[in-house]
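Working notes for the structure below.
Here is how names work: the chains are called A, B, and so on, in the same order as the sequence lines, proteins then strands, and each is numbered from 1.
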2 protein chains.
Amino acid sequence: MAKAFECCETHHHHPAAEVVKNRMLSDDEFFGVADLFKMFGDSTRLKILYALQREELCVCDIADLIGMTQSAVSHQLRVLKGSRLVKYRRAGKTVFYSLADDHVQTILSQGIEHIEEL
Amino acid sequence: MAKAFECCETHHHHPAAEVVKNRMLSDDEFFGVADLFKMFGDSTRLKILYALQREELCVCDIADLIGMTQSAVSHQLRVLKGSRLVKYRRAGKTVFYSLADDHVQTILSQGIEHIEEL
DNA sequence: CACTCATATGAACAAGTGTTCATATGATAA
DNA sequence: TTATCATATGAACACTTGTTCATATGAGTG
């Protein structure tokens, strides 16, 4: 066994710290999870995802629904698409967006639930 | 019944849009949820929360564990405390932080789970 | 083809955020 | 008291992010 874990090199610490250290995820994993949550960390994106919970909607509808510019919505949809949180379907001039999978809705509900309880 | 919902004032839209419109949350609710997720949207905060999953840790331990400055960690703990995601307990010179409630861990796990599946 | 409509995108700007460095606070020990 | 240790905090800075405005793309229509 290596010597006990220290941080400031001046005192010993909770033995728990060493245990936790071995269970930490990789940096990449943390960055990945952070990026995921970042998507839910903006009210505009949140409104878009919430609006798409029931069924697919076109960009124009979404924009009106959440009271934002078509441009702003399109920019955000691009970001959401990049994070694979939404998918789209083209129908003529119109593009319909929808949630990519059930996980998205689960995370969303979890957040809302947490807030409602406070 | 009011007239059908329109956005660009030039064409009619999915009737679904109108239904969804009536189910939207208030702006304040969306901002609240966004602020919550924002806390999970930074890898440093994520590492802190993850480290606290098992037991309370002092600032010094956390800093070493995630390889960050004591100052940086302290600043983030302040933010996390402000969002009521962590609580603290003082013991002499040392301050021990821990997760505020089970909800925090649930959201955290949900995010990690989503990433692992991709 | 030209024209319209729905959507996408690029550049610019303002606002927000996380880290660093220096320093302050507050508790303990000598 | 003074010294030391753990933590907190303020200011400055670089970096990121979301919106706006103008314009481009691309599909449909006449």
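Summarising the geometry, the separation between NZ on B:K47 and P on C:dT19 is reported as 9 Å, rounded to the nearest angstrom. Taking atom OH of residue A:Y97 and atom P of nucleotide C:dA6, one finds them 15 Å apart after rounding to whole Å. Protein atom CD1 of A:I62 is 14 Å distant from nucleotide atom P of C:dA6, rounded to whole Å. The separation between B:Y88 atom OH and D:dT9 atom C1' is 14 Å, rounded to whole Å. Atom-to-atom, CZ of A:F40 to C1' of D:dG18 comes out at 18 Å; the value is rounded to the nearest Å. Distance CG (A:L80) to C1' (D:dG18): 13 Å, rounded to an integer number of Å.
Taking the nucleotide of DNA chain D with the nearest heavy atom to each of B:L77 and A:S43, the more 5' of the two is matched to B:L77.
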* Under 4.0 Å protein heavy-atom contact, by nucleotide of nucleotides 21-30 of chain D - B base, S sugar-phosphate only -> BB----BS--
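Screening residues 32-45 of chain A for salt bridge (Lys or Arg N to Asp or Glu O under 4.0 Å), with sequence neighbours left out, gives A:D35-A:K38.
Classified by interplanar angle (parallel below 30°, tilted 30° to 60°, perpendicular above 60°), the ring pair B:H114/A:H103 is perpendicular. Taking the six-membered ring where tryptophan is involved, the planes of B:F40 and A:F37 are tilted, since the angle between them lies from 30° to 60°.
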Nucleotide N/O to protein N/O under 3.5 Å, stretch nucleotides 14-18 of chain C:
{"from": "C:dG18", "atom 1": "OP1", "to": "B:R45", "atom 2": "NH1", "distance (Å)": "3.0"}
{"from": "C:dG18", "atom 1": "OP1", "to": "B:R45", "atom 2": "NH2", "distance (Å)": "2.6"}
{"from": "C:dG18", "atom 1": "OP2", "to": "B:R45", "atom 2": "NH1", "distance (Å)": "3.2"}

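No side-chain donor-acceptor contact under 3.5 Å links A:R78 to the backbone of A:L80. The main-chain N or O of B:Q70 is never found under 3.5 Å from a side-chain atom of B:S74 such that the two would form a donor-acceptor pair. Looking at B:Y50, its side chain never comes within 3.5 Å of a backbone N or O of B:L108 through a donor-acceptor pair.
Following chains of ILVMFWY side-chain contacts shorter than 4.5 Å, one can reach A:M24 starting from B:V59, so the two form part of one hydrophobic cluster.
By the neighbour-count criterion of 12 heavy atoms within 6.0 Å, atom CG of A:N22 is densely surrounded, having more than that number from other residues, nucleotides or ligands.
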